Amino acid sequence: MGFIHRLALALVIIGAINWGLIGFFEFDLVASIFGGQTALFSKVIYALVGISGLICIPLLFRTSEEEEFGTSRQSSRNLQYGTEFGEEPEFKDINEDSSKENELNK
């Protein structure tokens, strides 16, 4: 999740807390801090919270794998089937090496 999405999510959480305060206690925290609902700075905060809500809409459609690994659906189709420890030796090379060792040991 990028910086913009984190900032937007933080503003959405602030907006949700403000709406909770309005719903439960009829207290508008943003308006009380910044001089009322019609004050310019209060309107800016309300607008930023609204824009942040729009930015956070794609978060609803992300899967847990995309959040965990930061991948998109298209990149998960390009699977890499490598081993954990690197390249595996071919068995014919091992057989040739062991047969040379056997000849040397005789």
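Just so you know, these numbers come straight off a predicted model, no measurement behind them.
- Ala8 approaches Ile55 most closely through the heavy-atom pair CB-CG2, 3.8 Å.
- Of all heavy-atom pairs between Ile45 and Phe34, the closest is CG1-CE1, 4.0 Å.
- In this structure, Cys56 SG and Ile4 CD1 are separated by 11.0 Å, a value rounded to the nearest 0.5 Å.
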Pair Leu7, Leu9 - check side-chain contact (heavy atoms from CB on, under 4.5 Å), show working.
CA-CA 5 Å; Leu7 180 64; Leu9 188 58; over 6 Å; no

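- Closest heavy-atom contact between Ala39 and Gly35: CB-O, 3.5 Å.
- No continuous path of hydrophobic side-chain contacts links Ile22 to Leu29 [ILVMFWY only; heavy atoms under 4.5 Å].
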Go through Asn18 and Tyr46 one step at a time and tell me if the side-chain contact (heavy atoms from CB on, under 4.5 Å) criterion holds.
CA-CA 10 Å; Asn18 192 48; Tyr46 295 139; 4.0 Å; yes

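- When all heavy atoms of His5 and Arg62 are compared, the closest pair comes out as CE1-NH2, 4.3 Å.
- By the criterion of side-chain heavy atoms lying less than 4.5 angstrom apart, applied directly or through intervening Ile, Leu, Val, Met, Phe, Trp or Tyr residues, Val30 is grouped together with Phe24 in one hydrophobic cluster.
- Distance check, rounded to the nearest 0.5 Å: CD1 of Ile51 to CG of Leu48 gives 6.0 Å.
- The hydrophobic clustering, which links ILVMFWY residues whose side-chain heavy atoms are closer than 4.5 Å, places Ile33 and Phe41 together.
- Residues Phe61 and Val12 do not share a hydrophobic cluster, defined by chaining ILVMFWY side chains whose heavy atoms lie under 4.5 Å apart.
- Checking side-chain atoms of Ser42 against main-chain N and O of Thr38 turns up no donor-acceptor pair under 3.5 Å.
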